[in-house]
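Structure first, then comments.
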Amino acid sequence: MFISAGDDVPSFKGFTLIMPAVSVGNVGQLAVDLLISTLNMPRVGYFHTDCLIPMVGNNPYATSTEDAAQLSTSAEVYSHNDLKLAVLQIRTPIIQTKVRSFRKLIVSWIKSSGFLRSVLLSSSHAYQRDDQQLHGTPLRYLLSPSLQKEEGQRVEELGWREMERISMFPGISDSEQRLYIPGGGVTKALYTDCCTEDIPMAVLLIFCSEGDNIPDAFALINHLNDWFHLLEKPTQGSVQWRVPPSWRLLFGSGIPPLLF
């Protein structure tokens, strides 16, 4: 459930919700980090649930020593009123036995909050791509039927590639196709839930491998920005996203010299 960080409960009616899937390379979470840090979005609440592994840590977006000591939890909500944008950052995996409960919780919150649309940032294993997915850009999208009616033409004008359906019986029959997102965590199931519940939902994902996934995060957030224009793109060069200070520890804090 959503718990407000202040005395007043914020209204998200008419807002766009952006959230990550806990997926291969944690690309969606890294992309959301860039968005929160660059737009300097204030935290407006917490998403309290026993479906996520508990976590507490220092403020990952600290800009001074004063706010560095603020505690962060496994799921928090940030907001930008001028852009009518809300961001749910998820920092820990979903407990395996509670995936379905988590999906129900997210769908219920989206519906009760009155979001205009929702965007799920995700990723999928590059090594499990179908032959047709090996060509061109590694970026893909999905739109729920209700969002397709509103944004389908716009996305088509951007020249984006929709996530391909692959054969259920490769080499035997191509008549039956299925949506397959290996490494995508809850992506496919949550997208299917939103289609069933008539919720305007978009999925933006990138094919990638585990490792240094910072370039993948930049590619994914730039892809999102091409659609929503959250930051104006300069005539020359690319959007300058601000890397949060927490990324200094992305690969650990180094080898302690006392070991030697």
Side-chain angles (χ1 to χ4, degrees), residues 2 12 15-36 41 47 49 51-52 74-79 84-94 99-125 138-148 150-152 154-155 158 160-165 179-208 213 216-217 219-228 230:
F2 175 76
F12 298 124
F15 275 50
T16 294
L17 170 67
I18 296 173
M19 61 177 288
V22 182
S23 52
V24 55
N26 304 108
V27 179
Q29 294 154 294
L30 293 173
V32 165
D33 265 353
L34 289 171
L35 189 60
I36 295 170
M41 299 176 72
F47 206 77
T49 172
C51 299
L52 296 172
S74 53
E76 297 178 323
V77 180
Y78 299 79
S79 179
K84 284 192 170 296
L85 182 70
V87 174
L88 169 62
Q89 176 62 299
I90 300 172
R91 298 192 174 93
T92 61
I94 306 169
V99 171
R100 182 172 295 181
S101 298
F102 181 76
R103 285 162 36 204
K104 287 182 178 179
L105 188 64
I106 290 293
V107 168
S108 175
W109 181 58
I110 290 174
K111 293 173 74 173
S112 64
S113 298
F115 288 112
L116 180 66
R117 59 195 167 192
S118 301
V119 181
L120 183 66
L121 301 180
S122 185
S123 50
S124 183
H125 282 303
L139 293 153
R140 294 292 188 275
Y141 79 91
L142 288 165
L143 298 180
S144 67
S146 56
L147 190 58
Q148 177 69 39
E150 301 172 11
E151 298 288 346
R154 169 61 180 152
V155 170
L158 289 169
W160 287 5
R161 286 184 62 176
E162 187 175 7
M163 185 67 172
E164 299 89 348
R165 269 67 174 177
L179 183 62
Y180 185 51
I181 309 177
V186 76
T187 303
K188 178 185 173 182
L190 186 56
Y191 168 74
T192 303
D193 290 341
C194 289
C195 291
T196 303
E197 296 288 334
D198 199 32
I199 294 174
M201 159 73 78
V203 175
L204 300 188
L205 66 83
I206 186 169
F207 294 116
C208 68
N213 296 103
D216 300 313
L220 191 60
I221 198 64
N222 280 322
H223 203 52
L224 176 73
N225 194 60
D226 288 342
W227 183 7
F228 290 125
L230 301 171

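We're numbering straight along the sequence, starting at 1. Hydrogens, waters and symmetry mates are skipped; everything else that's a heavy atom, side chains included, is used.
- Minimum interatomic distance between Thr92 and Ser74 (heavy atoms only, all atoms of both residues): OG1-CB, 3.3 Å.
- Ion pairing between a basic and an acidic side chain is recognised when a charged N comes within 4.0 Å of a carboxylate O; Arg117 and Glu151 show such pairing.
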- Message: Before you tell me yes or no, could you show the steps for Met41 and Leu85 under side-chain contact (heavy atoms from CB on, under 4.5 Å), namely the whole-Å CA-CA distance, both residues' side-chain angles and the distance that decides it to 0.1 Å?
- Response: CA-CA 9 Å; Met41 299 176 72; Leu85 182 70; 4.2 Å; yes
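- Closest of all the heavy-atom pairs between Leu52 and Ala75 is CD1-CB, 3.6 Å.
- Across all non-hydrogen atoms, the minimal contact from Leu17 to Leu88 is CD1-N, 4.0 Å.
- Contact check for His223 versus Tyr141: no side-chain heavy atoms found under the 4.5 Å cut-off.
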- Can you check side-chain contact (heavy atoms from CB on, under 4.5 Å) on Leu224 and Leu220, steps first, answer last? CA-CA 6 Å; Leu224 176 73; Leu220 191 60; over 6 Å; no
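- Between the Tyr191 side chain and the Leu143 main chain, a donor and an acceptor come within less than 3.5 Å of each other.
- Put simply, the side chain of Val24 reaches to within 4.5 Å of the side chain of Cys208, judged on heavy atoms.
- The CG atom of Asp216 lies 9.0 Å from the CG atom of Leu30; values are rounded to the nearest 0.5 Å.
- In terms of heavy-atom proximity, Asp226 sits nearest to Leu158 at O-CD2, 3.8 Å.
- Of all heavy-atom pairs between Cys194 and Met201, the closest is SG-CE, 3.4 Å.
- Below 30°, between 30° and 60°, or above 60°: for Phe102 and Phe47 the angle between ring planes is above 60°, a perpendicular geometry.
- Ile106 has its side chain within reach of Met19: a pair of non-hydrogen atoms, C-beta onward, lies under 4.5 Å apart.
- Distance alone, capped at 3.5 Å, is enough to place a donor-acceptor pair between the Ser113 side chain and the Trp109 backbone.
- The backbone N or O of Pro182 sits less than 3.5 Å from a side-chain atom of Ser124, completing a donor-acceptor pair.
- Leu142 pairs with exactly one of Thr187, Leu147, Leu120, Ile181 by the side chain to side chain contact (heavy atoms under 4.5 Å, CB included) rule, that one being Ile181.
- Between Asn26 atom CG and Asn213 atom CG the span is 7.5 Å, to the nearest 0.5 Å.
- With values rounded to the nearest 0.5 angstrom, Ile18 atom CD1 is found 6.5 Å from Leu121 atom CG.
- Expressed to the nearest 0.5 Å, how far CD1 of Ile199 lies from OG of Ser118 amounts to 7.0 Å.
- Contact of the Val203 side chain with the Met163 side chain is not registered, since no non-hydrogen atoms from C-beta on lie closer than 4.5 Å.
- Residues Tyr78 and Leu35 fail the side-chain proximity criterion, which asks for heavy atoms closer than 4.5 Å.
- For Arg165, the CZ atom counts as densely surrounded, since its 6.0 Å shell holds more than 12 non-hydrogen atoms of other residues, nucleotides or ligands.
- Between Ala21 and Ser122, the closest heavy-atom pair is CB-OG, 3.7 Å.
- The backbone N or O of Val22 sits nowhere less than 3.5 Å from a side-chain atom of Gln29 that would complete a donor-acceptor pair.
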